[in-house]
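Notes follow the structure.
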2 protein chains.
Amino acid sequence: MQAFYNKYKRTLLYGISLAALLFLLRWLEFRFLVLSHAMDIYIGAIAAIFTALGIWLTLKLVKPKTNTIVVEKEVYLPQTTPAQINQAEIDNLALSKREMEVLQLMAKGLSNKEIADGLFVSLNTVKTHSSNIFEKLDVKRRTQAVEKSKRLGIIV
Amino acid sequence: MQAFYNKYKRTLLYGISLAALLFLLRWLEFRFLVLSHAMDIYIGAIAAIFTALGIWLTLKLVKPKTNTIVVEKEVYLPQTTPAQINQAEIDNLALSKREMEVLQLMAKGLSNKEIADGLFVSLNTVKTHSSNIFEKLDVKRRTQAVEKSKRLGIIV
DNA sequence: CTTAAAATCATACTAAAGTATGAGTGTGCA
DNA sequence: TGCACACTCATACTTTAGTATGATTTTAAG
């Protein structure tokens, strides 16, 4: 019984609504035509009611547009194209071996302290390397250094 | 003149339509009432016309409901191929529009001050956005944020 | 209309990054 | 041998980044 109700909920609702609407129309007809003969008002009421019906029907029944967004889920193929490091550019910029190591770790998002611990040197040493790197790359910040060096292909 | 037309295009269209409708109604009234007195048919026509009007108005004026279906499609791509932006991941991380803008500029190596000037907001605002970004990305620094977001493909 | 999220900004603080300068140590090479 | 250079480190300083908290304003959605 409950299942039946749920299944035909809409149909029932619409049926009852339409029945109510018919009653309303009959009443209006009686009220205006039989009693007062106010034809124009009656027509106006009919128009208003059916406009509302149209609006209501549309809102209820129109299928929502379906936007299908295809998201491409990336699956990386390991080592299909070995990223080529631009050694010529490294030589051109005269970046030393140690500076390259610092630059790599920088690009991984490590802090100067973490780089220092990773390379077993002091924080000050890393700062010195950093400053030298920035000067050679002609940038002002580590974020720029990472961006530029990736763009130039001198790190992965 | 052209600008005027474009601006009031809708209004004009609706006005003309309504005028046409009125003519139709007058004609119907004349046809059925004066000539054949088919009252019920006249009422029926009115009802039909205004139901149609309601439907038409609703379709024209109401924003279309949209259901968004996200279909994930696996795509194999080598790392060298410029990865397209992973909108699903952005949604997953709940990064807002503004946060994405800040993240983009961060990845370009801009300082918070430069980002603030670029987006015409205060330095403090950029700092707030930054902190929110770091929290959502579960990182501690801007360099990590850039690294991770590039790895996830949520920025170029 | 009301609620919730997003965006804005401020103040005050701590932490990290970056600069400037100087200096000691090892290494390869002319 | 000495000399340039890479690497190391320190001190002292300035600048930028990041955190915490609270408040106001816009905007989107129910």
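This one's a predicted model, so the numbers in the text were calculated from it and none came from an experiment. Lettering follows sequence order; numbering is per chain, from 1.
Rounded to whole angstrom, the span from the CG atom of B/D138 across to the C1' atom of D/dG18 amounts to 16 Å. Rounded to an integer number of Å, the gap from CZ of A/R98 to C1' of D/dT8 is 9 Å. The distance from atom CZ of B/F120 to atom C1' of C/dA7 is 17 Å, rounded to the nearest whole Å. Between A/K97 atom NZ and C/dT27 atom P the separation is 13 Å, expressed in whole Å. Protein atom CG of A/N132 is 10 Å distant from nucleotide atom P of C/dT19, rounded to whole Å. Here C/dT8 presents its C1' atom at 14 Å from CD of B/E101, a figure rounded to the nearest Å. The CD atom of B/Q144 sits 10 Å away from the P atom of C/dA17 (whole-angstrom rounding). The CD-P distance, from B/E135 to C/dA6, rounds to 13 Å in whole Å.
Checking A/T143 against B/H129, the closest nucleotide of DNA chain C that is more toward the 5' end is the one next to B/H129. Residue order along DNA chain C, read from the 5' end via each residue's closest nucleotide, puts B/N124 first among B/N124 and A/R142. The 5' end of DNA chain D is approached more closely, in terms of each residue's nearest nucleotide, by A/T128 than by the other of A/R141 and A/T128.
Distances from the side chain of A/V121 to the nucleotides D/dT16, D/dT11, D/dC9 place D/dC9 closest. Closest approach to the B/N112 side chain among D/dA17, C/dC9, C/dT19 is made by D/dA17 (side chain taken as heavy atoms from C-beta onward).
Here the side chains of B/V126 and B/S130 are in contact, with some heavy-atom distance below 4.5 Å. Side-chain contact check for A/V102 versus A/L119: some heavy-atom pair is nearer than 4.5 Å.
Residue-level contact check: B/T125 touches the bases, meaning some heavy atom is under 4.0 Å from a base atom. As judged by a 4.0 angstrom heavy-atom cut-off over every strand, A/S130 is placed among residues making no nucleic acid contact.
Ion pairing between a basic and an acidic side chain is recognised when a charged N comes within 4.0 Å of a carboxylate O; B/K108 and A/E147 show no such pairing.
Note on A/L123 and A/I115: separate hydrophobic clusters, where clusters join Ile, Leu, Val, Met, Phe, Trp and Tyr whose side-chain heavy atoms are under 4.5 Å apart, directly or indirectly.
Contact between the side-chain N/O atoms of A/S131 and the OP1/OP2 oxygens of C/dT19 is found at a separation under 4.0 Å.
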